[in-house]
Amino acid sequence: QKEVEQDPGPLSVPEGAIVSLNCTYSNSAFQYFMWYRQYSRKGPELLMYTYSSGNKEDGRFTAQVDKSSKYISLFIRDSQPSDSATYLCAMSASGGTALIFGKGTTLSVSS
Amino acid sequence: GAGVSQTPSNKVTEKGKYVELRCDPISGHTALYWYRQSLGQGPEFLIYFQGTGAADDSGLPNDRFFAVRPEGSVSTLKIQRTERGDSAVYLCASSLKLNTGELFFGEGSRLTVL
């Protein structure tokens, strides 16, 4: 079993839809949880950052972490064509360990 | 510049050749990371530096891969005797906050080994 599992999609939705992306993980030591967005032929850019469990909201984006279930989610409200990209979950433990990424989910929002 | 700069953006080489990939991090960022991303996959950790020293090189796949950061700023990833399986996008990232995952990535160096 990989440390981080993420369904690669692709996921296609119409403009204005609510999008739900998620990842599961196996390492209970993970404490930092991130979502990165990657446009084609570009480097990943940090979208959301959460420490430990809970929710975090930033505009149309909400990140949720459930450490008891080892499950994290990213919700996108009122999706826009500009949201079309690959979304990567990433996580790390404390103490100098590397950031581990999921495979990424490719999202396409049609106008 | 304002962001992480990587050169070359594209590199095509022949099997068995030596390759160097360069990364110039954001000024003031002490942590620097190298990742490799194959098509349809997420970035795979290779090595990270805190200052001049390699804090964790556990992701380097074998001894053909080596990275240096002699003055604590620019880093070079070196690949000897390249193989077709080394073809990927090599991503560099830097961060100000150590160990929290808030990484700033460059656009990557796309390596193709023929």
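Residue numbers start from 1 in every chain, and the chains themselves are labelled A, B, ... in the order their sequence lines are given, proteins ahead of strands. Keep in mind that what you see is a predicted model, and the values were worked out from it rather than measured.
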Salt bridge or not between [X] and [Y]? Use side-chain N to carboxylate O under 4.0 Å.
X	Y	result
A:E3	A:K70	no
B:E107	A:R41	no
B:D86	B:R64	yes

Out of B:G40, B:S9, B:P43, return the one with the most heavy atom pairs under 4.5 angstrom to chain A.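 That would be B:P43.
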
Check each atom of B:Q37 against the heavy atoms of chain A and say whether the ones under 4.5 Å are side chain, backbone, both or neither.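 Interface part for B:Q37: side chain.
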
So which part of B:Y35 gets closer than 4.5 Å to some heavy atom of chain A, the side chain, the backbone, both or neither?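 Side chain of B:Y35 only, per the 4.5 Å heavy-atom cut-off to chain A.
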
Which atoms of A:P8 are under 4.5 Å from chain B, going by heavy atoms: the side chain, the backbone, both sets, or neither?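 For A:P8, no heavy atom lies under 4.5 Å from chain B.
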
Side chain, backbone, both or neither: which part of A:Q38 has a heavy atom under 4.5 Å from chain B?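 Just its side chain gets close to chain B.
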
Between A:Y25 and A:F33, is the ring centroid distance below 6.0 Å?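 A:Y25 vs A:F33: aromatic centres under 6.0 Å.
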
Looking at side-chain heavy atoms only, is the closest gap between B:Y33 and B:S94 below 4.5 Å?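 B:Y33 does not reach B:S94 side chain to side chain.
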
